[in-house]
Amino acid sequence: MQSLSEAWNRVENWLTAEAPLVRSALRPGATPAELAAAEESMGLTIPHQLALLLRLHDGAEDTEAGRFLQRKRLLPLREIVSMHSTMCALLDSDDLVGTWWHPQWIPFAANHDAWSRLYFDVRSGAGYGSVSTYFMETGGGGHPWPSLTAYLEELAASLQGGTPMVHHVPRVTDEGLLVWDHRPPAVRPQFARRRRAR
């Protein structure tokens, strides 16, 4: 496995060459003091990999160009803290903890209305540092990656090869935006024959 810096460099180099408008939406990096303040506000230690990425870029601008992570935007620290606080305040039942949301999940990317997100799991145990998808309707735990580096490696491979990532294929529009076209998984031949026979 590559290091996070190597995986991110593959992503950023591709954006620079193929989608410079998207690359220009990346914000300057966060300072150590800003990271420390965010940790204090959330009462959590930001995992090393996420802290490293945020030191490179404190999120992306809230524009269409900024939503390059499969229609999601890398969030600035202030929005990470705000979203984490909002979600924790909505946990009005113990039944929701760990399924719909958990105080030890750190959101770091979201779509335009924040109904779809990526989050870091910082609970102690085997899942520490994993990255998962979150949907407001169903909660967390969808399509986990073992680490942010693993997520970025898959993202880089998808961008460089034009291959699907979670059933979506990247494409740069004439306007210079990076969009993701849905490509449903292929139906296995034997299943397809069985379905046609009905």
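One-based numbering along the sequence shown.
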Practice task
Give the ring-plane orientation class for H102 versus W105, where under 30° counts as parallel, over 60° as perpendicular and anything between as tilted.
Solution key: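 Judged by the thresholds at 30° and 60°, the geometry between H102 and W105 is tilted.
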
Exercise for the section: Could you label the plane-to-plane angle of the F108 and F120 rings as parallel, tilted or perpendicular, counting under 30° as parallel and over 60° as perpendicular? Expected result: tilted

Enter the distance from [X]:[atom1] to [Y]:[atom2] here, rounded to the nearest 0.5 Å.
X    : Y    : atom1 : atom2 : result
Y134 : W115 : OH    : CH2   : 9.0 Å
R183 : H168 : CZ    : NE2   : 11.5 Å
M87  : R117 : CE    : CZ    : 4.5 Å
S147 : L50  : OG    : CG    : 12.0 Å
R10  : N13  : CZ    : CG    : 10.0 Å
R123 : L44  : CZ    : CG    : 12.0 Å

Are the side chains of [X] and [Y] in touch, meaning some heavy atoms are under 4.5 Å apart?
X    : Y    : result
T133 : S116 : no
W100 : D95  : no
W8   : L148 : no
M42  : I80  : yes
Y128 : Q104 : no
W101 : P107 : yes

Cut-off 3.5 Å, side chains only: do [X] and [Y] have a donor facing an acceptor?
X    : Y    : result
E12  : H57  : yes
T149 : Q49  : yes
T173 : E175 : yes

Of the non-hydrogen atoms in [X] and [Y], which two are nearest, and what is the gap between them?
X    : Y    : value
G162 : V169 : O-CG1, 3.5 Å
L77  : A38  : CD2-CB, 3.6 Å
Q2   : A7   : OE1-CA, 3.8 Å
D58  : A30  : CB-N, 3.6 Å
I106 : T45  : CD1-O, 4.3 Å
L159 : P170 : CD2-CB, 3.8 Å

Decide whether [X] and [Y] are clustered together by the hydrophobic rule: side chain heavy atoms of Ile, Leu, Val, Met, Phe, Trp, Tyr closer than 4.5 Å, transitively.
X    : Y    : answer
V131 : F135 : no
L155 : L21  : no
V22  : V179 : no
I46  : L56  : yes
V11  : L177 : no

Handout entry: More than 12 heavy atoms of other groups within 6.0 Å of E40 CD
Key = no

Problem - Greater than 12 external heavy atoms within 6.0 Å of D113's CG - result: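 Yes, because the 6.0 Å sphere around CG of D113 holds more than 12 heavy atoms from other groups.
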
Quick check: does any side chain N or O of [X] sit under 3.5 Å from a backbone N or O of [Y], one acting as donor and the other as acceptor?
X   : Y   : answer
T99 : L96 : yes
S41 : A37 : yes
T86 : S82 : yes
E6  : S3  : yes

Practice task
Report the C-alpha distance between F68 and W180 in whole Å, list the side-chain angles of each, state the deciding distance to 0.1 Å, and finish with yes or no for ring-ring contact (aromatic ring centres under 6.0 Å, His included).
Solution key: CA-CA 8 Å; F68 66 96; W180 294 81; 9.3 Å; no

Handout entry: Note: E79-R73 ion pair, threshold 4.0 Å (strictly below)
Key = yes

Handout entry: Check ion pair D62-R67 (N to O, under 4.0 angstrom)
Key =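 Looking at R67 together with D62, the answer is yes, because their closest N to O distance falls below 4.0 Å.
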
Problem - From CA spacing to verdict: side chain to side chain contact (heavy atoms under 4.5 Å, CB included), Y151, L69 - result: CA-CA 10 Å; Y151 171 81; L69 294 174; 3.7 Å; yes

Exercise for the section: Carefully, step by step, assess S132 and Y119 under the rule side chain to side chain contact (heavy atoms under 4.5 Å, CB included). Expected result: CA-CA 6 Å; S132 294; Y119 69 88; 3.5 Å; yes

